[in-house]
Amino acid sequence: MSPVPMSPVPSASVTPVFVRLKLSLLRNGLRRSSGRRAAYVASLVVVLLFAALQLLGLIALRGNAHAVNVTVLLTAVLGLGWAVMPLFFPGGDETLDATRLVMLPLRPRPLVRALLVASLVGMGPLFTLCLLVGSVVSTAHGAAAYATGVVAVVLSLLLCVALARAVATANLRLLTSRKGRDLAVLSGLVIAVGAQLVNFGAQRLGSSSLSALDPVVDVLRWVPPASALGAVDSVSGGAYATAAAQLALTAGALAALLSSWRRSLTRLMTSPDGSTIQAAASGRDAGSRSSGLGGLLPAGRTGTVMERSLRYVWRDPKTKAAWATSLAIGLIVPVFNALQGTGSIYFACFAAGMLGIQMYNQFGQDTSAFWMVAMTISSTADAYAELRARALALLVVTLPYATLVTVLTTALLGDWAALPEALGLSFALLGAMLATGAWSSARFPYSIPQEGHKNVAPGQAGLAWISIFGGMVAAALLCAPVIALTVWLNVSPDGGSRTWLLLPVGTAYGALVTFAGLRLAAPRTARRLPEILAAVSKG
């Protein structure tokens, strides 16, 4: 009996399965607690309300000659946001982790299609869809433009989602490692810098009109996904060939992203995790390498403590984020105000002030590891040596940085005669903050949680406020003599020619105040070691 030929059984699409899986994950997550459901509902209401307001605002732009500038720029910002958010918030969507699908018999092409469609379920795609629809309504004129707008919305939305997925998949090994957690912590820096950039751009636009965006929009209308919205405007103006090229560019970018995403998925799901390869060899090499700092720092306890502090700045995520944020804001505030023509040479003191804050809660930065430091402190002299070395480590970065920011601000303002007094004030402020920071570290220590984005352990927020803001007020009072001298020299008839004296006076005053603050904080530190250890180890 001859065998009956078997016809191939068509494989079922996995796309509906992944959509149901996404909905199940969302539903099961909300079942965990009433608090989580309330937070999700509140977030959904806020997002929908904000999306509706944005939609109405974009529709109100219809007929404005520069509406296309807003829509093209908005779409470009949306694409950028979708690209970077997975890097800074890798835990925001559990379905971003494709390694959970490694053991399933799935091919890359249908898997990409299923994940792409499932990714359209959520508040982010809904918010993006509202903005894209509003952009089309405000830009399109005529039936052909609206038809093009439908295609543009679909292409732009798919491109944004695919961009987020491709970036997350390509960097998944990084996002699940310690460096990835460091990157997530540093998201605060990006937000802080981005807020300053947005503020700077808004102020520049406020002093001019939307026509100032024309040169930028002329470039962005050829950059996906903004090129899709540029195509809608091109069709409205009768430039059909240009619109076809812009849509083709967006479609080509989407195809390239999907192909890159598929290759990343294949590599991720078929190659081993190499994070531990040659670990033994690396360990052997680490022992033979020198620290790179030992030859540059003083010998003895001072050099050891300085190196430890500098290594915390480079390796500890929370310390690194605090330093990076202070460095960025200390530069942005004086420089951006100088560029806008509203700055003052005294804004350069922001650099010294922002980095001086790092002297506060010195022992809390060590967390529970402070007990190892406490074992080496048995007298006031030991406490003084510890605090002095930590202050010196901070000065290694702060002194050249504050000088650089002050010189740059002076150059932008063109007020070179005020450079000595600005430097003198900066150095005096830095010395005052080092002094009050050392005393505050001993008097009001608090713990810094290692996990999450909180910088204060529960129940210690009051200590943090007293430590930082009380210390800053005390530092301002300590700087009062130098400030008074600055005012007197600037208002006196013949004092303008002697403002250069503020540089040596401010430098000497800052050094003297620092020395006095360290001397006062040392005995308190030695006496309160058990209390400090208990406070910084909490949580």
Identify, with sequence neighbours excluded, every residue that meets salt bridge (charged side-chain N to carboxylate O under 4.0 Å, His left out) alongside R308.
E386
Excluding sequence neighbours, so at least two apart, what forms ring-ring contact (aromatic ring centres under 6.0 Å, His included) with Y146?
none
Can any side-chain N or O of Y401 pair as donor or acceptor with the backbone N or O of L331 at less than 3.5 Å?
yes
The test is side-chain hydrogen bond (donor to acceptor under 3.5 Å, both in side chains); show your working for T128 and W82 and say whether it passes.
CA-CA 10 Å; T128 305; W82 276 93; 2.9 Å; yes
Between the side chain of S138 and the main-chain N/O of S135, is any donor-acceptor distance below 3.5 Å?
yes
Got a sec: does the CZ of R109 have more than 12 other heavy atoms crowding it under 6.0 Å?
no
Determine which pairs satisfy ring pair (Phe, Tyr, Trp, His ring centres under 6.0 Å) with at least one residue from residues 109-130, sequence neighbours left out, and list them in order.
F50-F127
F18, CZ atom: more than 12 neighbouring heavy atoms under 6.0 Å
yes
Roughly how far apart are C160 SG and L78 CG, rounded to 0.5 Å?
6.0 Å
With the side chain counted from C-beta on, respond yes when L111 and V14 share a heavy-atom pair under 4.5 Å apart, and no when they do not.
no
Side chains of L158 and L120: does their closest heavy-atom pair fall under 4.5 Å?
yes
Can you check whether A239's main-chain N or O pairs, donor with acceptor, with S234's side chain at less than 3.5 Å?
no
Do D366 and V536 have side chains that approach each other closer than 4.5 Å (heavy atoms only, starting at C-beta)?
no
S259 and R263: CA distance, side-chain angles, deciding distance, side-chain hydrogen bond (donor to acceptor under 3.5 Å, both in side chains) verdict:
CA-CA 6 Å; S259 177; R263 289 195 301 269; 2.8 Å; yes
Rounded distance (nearest 0.5 Å) linking atom CG of L229 with atom CG of L220
11.5 Å
Do T242 and W222 make a side-chain contact, defined as non-hydrogen atoms from C-beta onward lying under 4.5 Å apart?
yes
Check: R165 side chain, S119 main-chain N or O, donor-acceptor pair, under 3.5 Å
no
Once you round to the nearest 0.5 Å, how far does CG of L131 lie from CG of L55?
8.0 Å
For V313, does its backbone N or O pair with a side-chain atom of K320 as donor and acceptor, under 3.5 Å?
no
Can a donor-acceptor pair be found, under 3.5 Å and without considering hydrogens, that links the side chain of Y360 to the backbone of G471?
yes
With distance as the sole test, does Q246 use its side chain to make a donor-acceptor pair with the main-chain N or O of P224 at under 3.5 Å?
no
Keeping the roles fixed (side chain from S260, backbone from A256), state whether a donor-acceptor pair exists under 3.5 Å.
no
Can any side-chain N or O of N69 pair as donor or acceptor with the backbone N or O of V217 at less than 3.5 Å?
no
Under 3.5 Å donor-acceptor, S326 side chain and W323 backbone:
no
